[in-house]
Amino acid sequence: MFRLKKRTVNTVRPFVQPLPIPQRLAPSQGILSQPLEQRMYSFGQPNLVVLEEKEALHQFHPDIPPTLMWTYNGTFPGPTIVHRLGQSTCIRRINSLDPNYSGFGIVKTVLHHHGGWQAPVDDGWPLDYILPGQSRDYLIPNILPVANDRSYWGSTLWYHDHVADHTAGNVYQGLAGMVQQFDAFDSDNENDPSPTALRLPSGQYDVPLAFSDYILNTDGSLFFDQLEDKGQAGNLFCVNGKIQPYFNVAARKYRFRLLCATQGRHYEFYLSNNAPFQVIASDGGLLEAPVTMRRLYMVPGERYDIIIDFSGYPLGTQIALMNDLFHIDGNKPEDIRVPQPQLLFVVDRNAPDPSQVPQRLMVIPPPDVSNVVATRRIEFDRRNGGWQINRRFWDPTRPLFTAKANTTERWHLIVGGGGWHHPFHVHIDSVRILSRNRRPAAVPLHERGRKDVVNVPGGQQAEVLMKIHSYTGRYMLHCHNPAHEDLYMMGWVDVRP
Amino acid sequence: MFVHKQDPPALNPDIQRLILPPREVERSEAISQLLDIPLETHRGRTTTTKVIGKRGVILQLFYTRCDGTCPGTTELLSNTAKVLGDKLGRDITILSISLDTTRDSVADIRQYARKHNVPDGWYVAAVSPSDGKALLKQLRLPEVKLGGDGRIKHTQMVYYGTNAGGRWRMIATKAATPKLLAKMAMFTHNTTTPALTSNFGE
């Protein structure tokens, strides 16, 4: 019989477990049971990495029983994929989930390499799923779509499930991980002797932070409401899969790669001592110059790389990374503020710091609107009992519009009333934000680099410049609130020659 | 995963002040199995929602006097039934449950089913007021209220899912074409069919 109430975990002791750092995924050395198809060699010999989707027990907190989740290679979040510019990668994804699983989510899975530039066949079309026992290879070219323009090379990306109808459930089950990208300039080496190397904090001082929020039943199992149409807001705040962990840091600079991987929750991050930090990269790559900020707003799907310098603090200093947005559901934060610590930094040692944060990180050409071939309105609204784009729901057989390869378009992203936010995400490539509410000056400095998620609050609009590259075929665009996208607030662009 | 193996820190007073006191959170249980409630069907049978067995289900909430969205949704289901063909009753059951628990009699239900040529594998049913209320609660829907004009404001969603698989989804009726609804109901019900073509071959 239907029970009306469910016992869930209300609160747990914060800062009793260390922050885990997902392992970097090493290229596979093993002999493949199935050879790579010829297409995978299009950009030379690829690095081969293997992601196996499988069930595994995950411990969110020592006071809560372990949770059976879906993982990539047995960990939540999954291992971090590392790309280098000029070295293509083949991701072999193997679905080893239980075909007889019963519960939310679906074992038919899709992989989306979020923020990457890849052909539609490798991009994660929501119906390109594989079943338990099957595998699929994805080619990530790791080349610049615009020759010699490094601004098209991302910094922090991520990968996650993207199957039709069940993306929210599958990502909540644990199917998400992060991606780090490097090149000769951002070289993953703070001791790099090259005069052009940026020498940003690297190695153990380059730390991915994936933020997510969960509700757990008292037996440790995941609580997830499949019929929540606004996006579920969890009461347990996780960083890299652990509830409110601590992180012992050295008194020096760190690069943190922040990913908002929630079901709808937004964050506004700040440090408990209100100290400034530097934002050096957004979704699409490094910014032109670091932007000093004290608060950073993030929505589902967004990434920002920030530098926190602990060198001025005496040993023993404790600083919490805070968020004070309060959600009842995933549609939007409420009007009240409730400060909640997410992660505790403990300065516990000294360490040499050869890293630097150059005042010039990247050359980003100004947006060129002179060759725009089409201007489009892309409106997000609640109509007909659901979430729509341009008054339409996702139709896998009919594109939202057709575009021409190797052209540039200007898109007006418009969100209707009701106060609901819609984080816009497009799969083709990142965009440049030209204006917010028709005011170019309203685009904050940290949003002036390349972006693949553009949050548009209710009643507001943003104008973006979309350069469509050479691949032809189907690319998704959608709201990145997973509940909204599962209810078909999605469309696709048919890119033609 | 790489983890620093160290003891948890003793918290400084300024950090302790940031920790909020515990608060109680009550939650309604999320759907896994459709609520087992008695159904009075258009065929004059008394059964329960268990009748769906291991099949997938498409669930419509309607009322016979509706002159708003219900006729269109019922037509959508009629056409979906045609798309499903022999899968209806074998793989998928359609369940139309009346929200108008005080007015819709079994005779009303029967007449409605006849009018819409409801085929085998599709149950049109009335439920008791208390069961209807519980079902709405499970589906996260507000209680229905009879307006002064005799109309009921109600959901524009059609639900589909599987008790056996514990998966449930919904789609706005305006989003659904018969082909899409049939395919997505089968997609959610069946986890062994490979993706032959990535757009359903349409």
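Residue numbers begin at 1 in each chain, while the letters A, B, ... track the order of the sequences. The figures here come from the full heavy-atom set of this structure, side chains too, leaving out hydrogens, waters and symmetry mates.
Contact annotation: the side chain of B:D108 never approaches that of B:D100 to less than 4.5 Å [non-hydrogen atoms, C-beta and beyond].
If you take CD1 on A:I319 and CG on A:L271, they are separated by 6.5 Å, rounding to the nearest 0.5 Å.
In this model, a donor atom of one side chain and an acceptor atom of the other lie less than 3.5 Å apart for B:S96 and B:W122. Judged by distance alone, the side chains of A:S221 and A:D219 do bring a donor and an acceptor atom under 3.5 Å apart. Using modelled atom types, one finds no donor on one side chain facing an acceptor on the other under 3.5 Å when comparing A:N217 with A:T8. Inspection of the A:T109 and A:H166 side chains reveals no N or O donor paired with an N or O acceptor under 3.5 Å.
Of the atoms belonging to A:N100, not a single heavy atom falls under 4.5 Å from chain B. If you measure heavy-atom distances from B:T192 to chain A, the contacts under 4.5 Å come from the backbone alone. Heavy atoms of B:M170 lying under 4.5 Å from chain A belong to its backbone as well as its side chain. In this structure, chain B has no heavy atom under 4.5 Å from any part of A:I130. Neither the backbone nor the side chain of A:V12 comes within contact range of chain B, judged by heavy atoms closer than 4.5 Å. When heavy atoms are compared at a cutoff of 4.5 Å, B:A176 does not approach chain A at all. Looking at A:F15, both its backbone and its side chain come within 4.5 Å of chain B, counting heavy atoms on both sides. Both the backbone and the side chain of B:L18 come within contact range of chain A, judged by heavy atoms closer than 4.5 Å. Neither the backbone nor the side chain of A:N273 comes within less than 4.5 Å of any heavy atom of chain B. Contacts of B:L11 with chain A are made by both backbone and side-chain atoms, with heavy-atom separations under 4.5 Å. Contact annotation for B:L141: neither backbone nor side-chain heavy atoms come within less than 4.5 Å of a heavy atom of chain A.
Counting heavy-atom pairs under 4.5 Å between each of B:Q156, B:M157, B:R169 and chain A puts B:R169 at the top. Counting heavy-atom pairs under 4.5 Å between each of A:G169, A:P79, A:G105, A:G74 and chain B puts A:G105 at the top. Ranking A:L487, A:D165, A:V346 against chain B, the residue ahead of the rest is A:D165, based on heavy-atom pairs under 4.5 Å. Ranked by heavy-atom pairs under 4.5 Å with chain B, the list A:Q388, A:Q17, A:M322 is led by A:M322.
Residues A:Y313 and A:F345 keep their aromatic ring centres 6.0 Å or farther apart. Two rings, from B:H154 and B:F62, have their centers 6.0 Å or more apart. Checked against a 6.0 Å centroid threshold, the rings of B:F187 and A:Y129 count as neighbours.
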- Message: If you apply the rule side-chain contact (heavy atoms from CB on, under 4.5 Å), what do you find for A:I106 with A:N170, and how did you get there?
- Response: CA-CA 7 Å; A:I106 195 162; A:N170 282 10; 4.0 Å; yes
